[in-house]
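Taking it in order: structure first as structure tokens, then the write-up.
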Amino acid sequence: MGLFSKMSNEHNGANSNTSFTPEEIQNKWENAYRANPRSYEKEGEEGLLIGFALTEGCDSIFPFAPEEQWSIEGKRIDNWIITMVSTSRPMGGLIGQMEYHEAIKRLRPYIIASSGNWGLIRGMSYDELDGLFDGLPRRLV
């Protein structure tokens, strides 16, 4: 399976308490981008930093606890980030990077359904993604 090993906990459906119909939620689960980890070397430190991209305007499925989903060569990974990416700005690109669990905490209002360890995040605007960084630095890597 390459560098990352997928651990157990697949989602089986959606639990919604939003204004979306069950059919809309199911359609979003089926068509959403499923977050995949990428590894980075953290500047000035030993070890890896594992990150995911959250792209503006894209419904996305993210694990609440990625350390329960993936490992490297059987070892637990402790350093996770989410990189927010713009598609609407002329140059596009990086909005910012945030520690994973802090990002998931700040993303809770945008999670429209969940199942097991997985959350379905509705497509967010640039301003919504940008607003997640209130009081935080924007660059981790």
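For the numbers below, each heavy atom of this structure counts, side chains included, while hydrogens, waters and symmetry mates do not.
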(Q) Any side-chain to backbone donor/acceptor pair from N117 onto A65? Under 3.5 Å, distance only. (A) yes

Q: Decide yes or no for L94 and V85: does some side-chain heavy atom of the first lie under 4.5 Å from some side-chain heavy atom of the second?
A: no

Q | Donor-acceptor contact present, side-chain E30 to main-chain N27, <3.5 Å | A | no

**Q.** OG on S114 to CD1 on I25, rounded to 0.5 Å
**A.** 10.0 Å

**Q.** From S71 atom OG to I77 atom CD1, the distance as rounded to the nearest 0.5 Å
**A.** 6.5 Å

Q.
Any non-hydrogen side-chain atom of T83 less than 4.5 Å from a side-chain atom of F52?
A. no

Q | I95-Y33 co-clustered via ILVMFWY side chain contacts under 4.5 Å | A | no

Q) Does any non-hydrogen side-chain atom of M84 lie less than 4.5 Å from one of D130? A) no

Q) Do R76 and W70 meet the cation-pi criteria used here (NZ or CZ under 6.0 Å from the six-membered ring centre, within 45° of the axis)? A) no

Q: Return yes if some donor-acceptor pair links the side-chain N/O of R122 with the main-chain N/O of A113 below 3.5 Å, else return no.
A: no

Q: Would you please test F62 and L107 for side chain to side chain contact (heavy atoms under 4.5 Å, CB included) and show each step?
A: CA-CA 10 Å; F62 277 74; L107 287 165; over 6 Å; no

Q) Just by distance, do the side chain of T55 and the backbone of C58 share a donor-acceptor pair under 3.5 Å? A) no

**Q.** Minimum side-chain heavy-atom gap K105-E99 below 4.5 Å
**A.** no

(Q) Whether the side chain of N36 engages the backbone of R34 through a donor-acceptor N/O pair (distance < 3.5 Å, no angle test) should be reported. (A) yes

Q) Between G119 and I111, which heavy-atom pair has the shortest distance, and what is it? A) CA-CG2, 4.1 Å

(Q) Quick one: does any side-chain atom of D59 pair with a main-chain N or O of K28 as donor and acceptor, under 3.5 Å? (A) no

(Q) So L54 and L129, do their side chains get closer than 4.5 Å, heavy atoms only? (A) yes

Q) Are side-chain heavy atoms of I82 and Q97 found at a separation under 4.5 Å? A) no

**Q.** Which atom of R108 lies closest to which atom of F64, heavy atoms considered
**A.** NH1-CE2, 3.3 Å

Q: List the steps, then state whether side-chain hydrogen bond (donor to acceptor under 3.5 Å, both in side chains) holds for S88 with E56.
A: CA-CA 8 Å; S88 68; E56 174 186 357; 2.7 Å; yes

Q: Could you tell me whether the side chain of I72 reaches within less than 4.5 Å of the side chain of L48, counting heavy atoms only?
A: yes

Q) Distance from L120 atom CG to Y110 atom OH, nearest 0.5 Å? A) 15.0 Å

Q. Is S115 reaching over with its side chain to a backbone N or O of W118, donor-acceptor style, under 3.5 angstrom?
A. no

Q) Do L136 and M98 come close enough that some side-chain heavy atom pair is under 4.5 Å? A) yes

Q. Is it true that atom CG of N31 has more than 12 heavy atoms of other residues, nucleotides or ligands lying nearer than 6.0 Å?
A. yes

(Q) Please give me the minimum heavy-atom distance between E24 and F20, naming the atom from each residue. (A) OE1-CA, 3.3 Å

(Q) For P63 versus Q69, what's the shortest heavy-atom pair and its separation? (A) CB-CG, 3.8 Å

